[in-house]
There are 2 protein chains.
Amino acid sequence: MPKPEVDPTVQLELSVDRSSPVPLYFQLSQQLEAAIEHGTLTPGSLLGNEIELAARLGLSRPTVRQAIQSLVDKGLLVRRRGVGTQVVHSQVKRPLELSSLYDDLEAAGQRPATKVLVNTLVPASAEVAAALGVAEDSDVHRVERLRLAHGEPMAYLCNYLPPGLIDLDTAQLETTGLYRLMRAAGITLHSARQSIGARAATTAEAERLAEETGAPLLTMQRVTFDDTGRAVEYGTHTYRPTRYSFEFQLLVRT
Amino acid sequence: MPKPEVDPTVQLELSVDRSSPVPLYFQLSQQLEAAIEHGTLTPGSLLGNEIELAARLGLSRPTVRQAIQSLVDKGLLVRRRGVGTQVVHSQVKRPLELSSLYDDLEAAGQRPATKVLVNTLVPASAEVAAALGVAEDSDVHRVERLRLAHGEPMAYLCNYLPPGLIDLDTAQLETTGLYRLMRAAGITLHSARQSIGARAATTAEAERLAEETGAPLLTMQRVTFDDTGRAVEYGTHTYRPTRYSFEFQLLVRT
DNA sequence: TCAATCGGAATGTCCGGACAATCTGACTAC
DNA sequence: GTAGTCAGATTGTCCGGACATTCCGATTGA
């Protein structure tokens, strides 16, 4: 009779470099993540107990635990008391992050193109002022862009940024995404408040996206904050739903 | 001349109960979270250094750090080396969680109602079988519901569940949400893969939601997994975009 | 044969300490 | 007056250990 399916404990070759400035727990978690991604650690397989793993690597248990915990937080591992730590069964991709449309498209091999329609300073409307936390009628950047994939319009992006944060160069905006520019300017993105909805296209909207008036559009509004809690960007986007939808993985907060 | 704004270090009354079975770090993090929610800890205020906080509470520094870290993970606090830990400036609500439409509506005071249209066993289509990881044509639960708020239809929900997991009682489905039933049945929800889009309503869809044919609809598809990685639910939902939109807060993963 | 009990194994919590990295502000030198 | 330097403060990383809690399987008893 065949033995019942038992998730095997996997022996990996792991190693850490103590002379590296990269934290030890981070080195370990990256190697484990790579092994999961690569398939060396198969879903359901046990990781082996923490104490022995620590001894094998010459690390302390807290350090090993910190590495494992970071992967648990990402949803790649599950720990169970008395049982052990195992790789999650399901096809977990990535938890939802603050994604950039440009990067998403590029990763999907869609070769995105951007057409900057407007790049100017305007007085903040009440709505924009409230979102960015600046005074009404004070100057803010306004950027309107059309994002295309395979030459077809895909999304219309209208963004507002507080002044003084970043130098918005039209040429740069056409070759990369806004988030990448902000990160390059030393802004640490931290969180965002989003709202996703749908509505019928107005005539102006339809024209921009090569749709018909009244066609359904996917809409997204977002305020992005940096690590000090300042609002650094407010955007109103409309997407062609036949060309784009939001896909992401959620984790239950525990 | 007025003094420049300086974020004050706040002195809170904190205490822990060592006889409680609740972990010490959790007691502390809950008190801190409550203080933030309540406004005692104002945005931008410093928390005071960890060492002194630990001494004041009679705890060790790792325990205090664990409490603070859990709030950092939730996006409520920000730590900066050499500076300290401070409350995030922005109006952080809650990071996106695996939300239940029913609970969301109830929390918003909308008094949701549910009408169960279908509650039966059907053979799994290829699409459903793939999503749930079961054999094609094997039996799965199919539940169709209409969710109303203030007597108006708001969303049409079609869900599939693998058999044997839960007893689906129509009366219970009309008085509470599916997720709450699953949790009550001992299922630990862990993660979900979602896709949000939009499309024009077909005649049948329009009729169900009291809209016109061709009206824009917001759509959501979701596969939910429990903590072992099993798929426990697959759903296809359509929402009236004039009545509902998805709102959530994202954190950048670091 | 089946159910209750026990013990091993693994993670969960907590401690106290040590040193490194980084930021801020004050001091010093030009 | 301005720029560079230094010291203090604070979090980041890491160690080694201790005991509690929970799960699962094996032994024991009916």
Side-chain angles (χ1 to χ4, degrees), chain A residues 3-10 16-30 32 44-73 77-87 186 188 227-228 254, chain B residues 3-10 16-30 32 44-73 77-87 186 188 227-228 254:
Chain A
K3 283 228 300 214
E5 281 285 337
V6 173
D7 298 327
T9 299
V10 178
V16 292
D17 174 10
R18 298 195 86 96
S19 68
S20 163
V22 178
L24 301 178
Y25 77 90
F26 193 75
Q27 292 183 37
L28 178 54
S29 74
Q30 281 200 316
L32 291 174
S45 61
L46 287 169
L47 212 59
N49 80 58
E50 298 170 349
I51 314 245
E52 193 241 339
L53 189 56
R56 190 144 59 88
L57 288 165
L59 297 173
S60 71
R61 189 179 163 217
T63 303
V64 172
R65 275 183 69 77
Q66 192 172 2
I68 292 176
Q69 188 59 46
S70 72
L71 297 180
V72 171
D73 290 340
L77 296 178
V78 177
R79 330 173 77 148
R80 273 192 277 171
R81 221 188 266 211
V83 179
T85 305
Q86 54 183 314
V87 181
T188 308
D227 57 357
T228 68
T254 45
Chain B
K3 282 227 301 212
E5 283 285 336
V6 173
D7 299 324
T9 300
V10 178
V16 292
D17 174 11
R18 298 194 86 96
S19 68
S20 163
V22 178
L24 301 177
Y25 77 89
F26 193 75
Q27 293 183 35
L28 178 53
S29 74
Q30 280 200 318
L32 290 174
S45 60
L46 287 168
L47 211 58
N49 79 59
E50 299 169 349
I51 314 248
E52 192 241 338
L53 189 56
R56 190 145 58 89
L57 288 166
L59 298 173
S60 71
R61 188 177 164 220
T63 303
V64 172
R65 274 182 70 77
Q66 191 173 2
I68 292 176
Q69 188 59 46
S70 72
L71 297 180
V72 172
D73 291 340
L77 296 178
V78 177
R79 335 173 74 147
R80 272 190 282 172
R81 215 182 261 201
V83 180
T85 304
Q86 55 182 309
V87 181
T188 308
D227 57 358
T228 68
T254 45

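Order of the sequence lines sets the chain letters (A, B, ...), proteins ahead of strands, with each chain counted from 1.
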For Pro21(B) and for Leu59(A), locate the closest nucleotide of DNA chain D by heavy-atom distance; then report the residue assigned to the nucleotide nearer the 5' terminus. Leu59(A)
Partner residues of Arg80(B) under the side chain to side chain donor-acceptor pair (under 3.5 Å) criterion, sequence neighbours left out: none
Between C1' on dA9(D) and CG on Leu53(B), what's the gap in Å once rounded to a whole number? 16 Å
Write down the distance between CD (Gln86(A)) and C1' (dT11(C)), rounded to a whole number of angstrom. 13 Å
Side chain to side chain donor-acceptor pair (under 3.5 Å) partners for Arg65(A), two or more places apart: Glu50(A)
With a 4.5 Å cut-off on side-chain heavy atoms, are Ile68(B) and Leu77(B) touching? yes
Kindly point out which of dC15(C), dT11(C), dC14(D) is positioned nearest to the side chain of Arg18(A)? dC14(D)
Counterpart residues, side-chain contact (heavy atoms from CB on, under 4.5 Å), relative to Arg81(B) (two or more places apart): none
Assign each of Ile51(A) and Leu24(B) the nucleotide of DNA chain C bearing its closest heavy atom; nearer the 5' end lies the nucleotide of Ile51(A)
Residue Arg65(B), side-chain atoms from C-beta onward, closest of dG12(C), dT13(D), dT10(D): dT13(D)
Starting at atom CD1 of Ile68(A), determine the distance to atom P of dA10(C), rounded to an integer number of angstrom. 12 Å
Measure the distance from CD on Gln69(B) to P on dT11(D) and round it to the nearest whole Å. 12 Å
Picking from dC14(C), dT11(D), dT11(C), which would you name as closest to the side chain of Glu50(B)? dT11(D)
Measure from the side-chain heavy atoms of Asn49(A) and tell me the nearest of dC14(C), dA10(C), dT11(D). dA10(C)
Given atom CG of Leu77(A) and atom C1' of dA10(C), what is their separation to the nearest angstrom? 15 Å
Looking only at heavy atoms, what is the nearest atom pair of Ile51(B) and Arg61(B), with distance? CD1-CD, 3.8 Å
Side-chain N or O of Tyr25(B) less than 4.0 angstrom from OP1 or OP2 on dC14(C)? no
From the list Leu47(B), Leu53(B), Asn49(B), side-chain contact (heavy atoms from CB on, under 4.5 Å) with Val64(B) holds only for Leu53(B)
How would you list, by chain and number, every residue that makes a side-chain contact (heavy atoms from CB on, under 4.5 Å) with Ser70(B), sequence neighbours excluded? Ser29(B)
Rounded distance (Å) that lies between atom P of dG12(C) and atom CG of Asp73(A): 12 Å
Verify the contact: side-chain N or O of Thr63(A) to OP1 or OP2 of dT13(D), cut-off strictly under 4.0 Å; return yes or no. no
Does dT11(D) have OP1 or OP2 sitting under 4.0 Å from an N or O in the side chain of Thr85(B)? yes
Between N or O atoms, less than 3.5 Å apart, protein on one side and nucleotides 21-23 of chain C on the other: list the pairs.
residue : atom : partner  : partner atom : Å
dA21(C) : O4'  : Arg81(B) : NH1          : 2.9
dA21(C) : O3'  : Arg81(B) : NH1          : 3.2
dC23(C) : O4'  : Arg81(B) : O            : 3.2

Closest approach to the side chain of Pro23(A), judged atom by atom: which nucleotide of dT13(D), dT11(D), dT13(C) is it? dT13(D)
Using whole Å, what does the distance between atom P of nucleotide dG12(D) and atom CD of Gln66(A) come to? 10 Å
Sequence-distant partners of Thr188(B), side-chain contact (heavy atoms from CB on, under 4.5 Å), two or more places apart: Asp227(B)
Arg61(A) CZ to dA18(D) C1', in whole Å, measures 11 Å
